[in-house]
Amino acid sequence: MEGAWWGHSDLVRSLSWSPSGNRLASGSKDGKILIRNPQSGEVEVGPIETNQREVQSLAYSSSGDRIASGGRNFTICIWDSTTGELVVDYKKSPRAATKGADDVRSVVFLQDSIHIVGGLEDGKMRKWDRKGKPIGKPWKRRGGSIYVVALSPDGKMIACGRSDGSVQRWDTDGKMEGAWSGHWDWVRSLSWSPSGGHIASGSDDGTILLRKAESGAVEVGPIETNQEWVSALAYSPSGDRIASGGSDFTIRIWYTMTGRLAVGSIRGLGDEVTSVVWSSDSTKLYSASDKFARVFDSTSGNLLHHFEHNDTLYSIALSPQNNVLACVGMHGVAQLWDTESLQPLGQSFSREHENLYCVTFSPNGRYVACGSQHSELTVRTVDIIASQQATQTDPQQETRPESPTSSCLDVSAHT
């Protein structure tokens, strides 16, 4: 051994020699690049803060004046190897291999249970009727791709999160009412407080911001979650807590008044947590990650049950009556579950092999809408799905809740 050098705070994941052999670049899980003199080990350029989560690959250009880095956040960056300055940033979104520019990433049913608004990968928003027919022209504003939309509790406003880190507030006719900055990376998750007075946003920068819905002023945060990306957010119906799901396979629960941790971390979820939703009494928290929808006690964080599927889940939703859980995901995963009997309701309601990225129930609980590829929206009637003969076997259980007093499906309640 001719030499050993330190400088990174975590695993070194990548190395590259300059063409001349007089520089050695190292990339680390700490997100930094160091460029050294290979004779002495002295750092001559860096640390370069890449903001790529992990620097998983490195390569010098043949001219030696550039170095490219590939990151865990689906980006490729090109740097000036002499100064360490960023030259080019090519950003991709997660699951780029399964997505297109016009994929529907998030949808909400409006209060009339007839119209649906969704956000698209190409940065547009669009309104559809219940039959999936587009209404009017797409809503366009700058800010990049839209990964999440959320409807206010009174049904009058829609918030969307964009890839430039901004949060925008729209009315339901497509007029933008406000746009706020604060995150330096993609806004991947949003949630309105039960009163409608606040909007919470979660970002690929690993933080949560709680804002006033009218002014956009940040009242709590940034909350440093240490979850890498904050890929899912949900206010509790009581409003005193907010749950965050991360790309580090964890769930954490925070106090909304202080931003302090209430429950954390719920670990061992197998993959990025893509969706979280509370029960109406705030006692349970449902999540989507890997092939499972899981149910946790929201006070202790203990696992109560899990629903298994054939492929990765992207999104879950609870019906307004809290008795039906909808789960959608990759390659045709689309299943309703009775949350009381813990049994599947009917057969899969998707076309075979299509990827469904988001799901929502209508306010009256009669319909379920899903967003998929190529600007496509599908709407199904819940009682028709439930009436079809179920083909799946009984779900596997970690712990089964006490027997319910009733397992009757009532999708027409409170209409």
Side-chain angles (χ1 to χ4, degrees), residues 1-97 99 144-145 163-165 183-188 202-207 222-231 245-250 252 265 267-273:
M1 187 173 73
E2 300 290 341
W5 312 303
W6 287 262
H8 291 290
S9 62
D10 212 326
L11 295 172
V12 174
R13 301 295 302 271
S14 51
L15 293 168
S16 182
W17 289 86
S18 66
S20 64
N22 63 358
R23 297 290 183 274
L24 177 64
S26 59
S28 169
K29 193 175 178 181
D30 64 11
K32 300 182 178 70
I33 299 170
L34 299 177
I35 300 177
R36 305 173 185 267
N37 181 317
Q39 294 299 318
S40 64
E42 181 181 355
V43 176
E44 296 197 344
V45 180
I48 301 172
E49 298 280 354
T50 68
N51 295 322
Q52 290 183 291
R53 306 293 180 236
E54 297 179 15
V55 182
Q56 297 181 319
S57 58
L58 278 178
Y60 262 98
S61 65
S62 58
S63 60
D65 62 339
R66 299 285 187 268
I67 189 166
S69 62
R72 189 169 183 263
N73 66 341
F74 303 92
T75 65
I76 297 172
C77 296
I78 299 177
W79 311 86
D80 186 306
S81 62
T82 303
T83 65
E85 294 181 354
L86 183 64
V87 179
V88 181
D89 183 359
Y90 300 104
K91 179 151 188 176
K92 293 184 179 180
S93 60
R95 309 182 189 96
K99 289 165 49 177
S145 299
S163 59
D164 69 350
H183 294 290
W184 55 261
D185 211 336
W186 282 47
V187 173
R188 198 168 294 277
S203 169
D204 282 10
D205 65 14
T207 68
I223 301 171
E224 297 285 350
T225 68
N226 296 314
Q227 290 181 290
E228 298 182 358
W229 303 334
V230 183
S231 46
S247 62
D248 67 343
F249 312 169
T250 69
R252 296 182 179 182
S265 296
R267 298 182 180 276
L269 302 183
D271 205 343
E272 176 183 354
V273 179

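Because only heavy atoms are used, hydrogens play no part in the values below, and waters and symmetry mates are left out as well, while side chains stay in. The residues of the chain are indexed from 1 along the displayed sequence.
- Here the CG atom belonging to D205 is positioned 6.0 Å from the NE2 atom belonging to H183, to the nearest 0.5 angstrom.
- With a 4.5 Å cut-off on side-chain heavy atoms, V273 and F249 do not count as touching.
- The side-chain heavy atoms of W79 and D65, taken from C-beta on, include no pair separated by under 4.5 Å.
- At distances below 3.5 Å, not a single donor-acceptor pair connects side-chain atoms of S18 with backbone N or O atoms of G64.
- For the atom pair CZ (R13) and CG (D30), the distance works out to 11.5 Å, reported to the nearest 0.5 Å.
- In this structure, D164 contributes its side chain and G144 its backbone to no donor-acceptor pair below 3.5 Å.
- Scanning all heavy atoms of the two residues, the minimum distance from G27 to L58 falls at N-CD1, 3.3 Å.
- With a 4.5 Å cut-off on side-chain heavy atoms, V230 and R188 do not count as touching.
- Here the straight-line distance linking atom OG1 of T207 with atom CG of D185 works out to 9.5 Å at 0.5 Å rounding.
- Taking a cutoff of 4.0 Å between a charged side-chain nitrogen and a carboxylate oxygen, E49 and K32 qualify as a salt bridge.
- Here the side chains of R23 and S81 are not in contact, with every heavy-atom distance at 4.5 Å or above.
- Annotation for V55 and T50: closest pair CG2-OG1, 3.7 Å, computed over non-hydrogen atoms.
- Here the closest non-hydrogen pair linking S69 and I33 is CB-CD1, 3.8 Å.
- Counting only distance, with no hydrogens or angles, the side chain of D248 and the backbone of E228 share no donor-acceptor pair below 3.5 Å.
- Although no hydrogens or angles enter the test, the distance criterion places no donor-acceptor pair under 3.5 Å between the side chain of S145 and the main chain of S163.
- Annotation: side chain of V45 is not in contact with side chain of T82 (no heavy-atom distance under 4.5 Å).
- When side chains are defined from C-beta on, P38 counts as touching W17, because their heavy atoms get closer than 4.5 Å.
- We find that E44 and R36 are not joined by a salt bridge, their nearest charged nitrogen and carboxylate oxygen being 4.0 Å or further apart.
- Distance check: W5 CH2 to N37 CG gives 8.0 Å after rounding to the nearest 0.5 Å.
- The closest side-chain heavy-atom distance from I35 to Y60 is below 4.5 Å.
- Without hydrogens or angle criteria, S28 side chain to D10 main chain gives a donor-acceptor distance under 3.5 Å.
- The closest side-chain donor-acceptor pair between R252 and S265 falls under 3.5 angstrom.
- Although no hydrogens or angles enter the test, the distance criterion places a donor-acceptor pair under 3.5 Å between the side chain of Q227 and the main chain of T250.
- With no hydrogens or angles considered, no side-chain donor-acceptor pair links W186 and S203 at under 3.5 Å.
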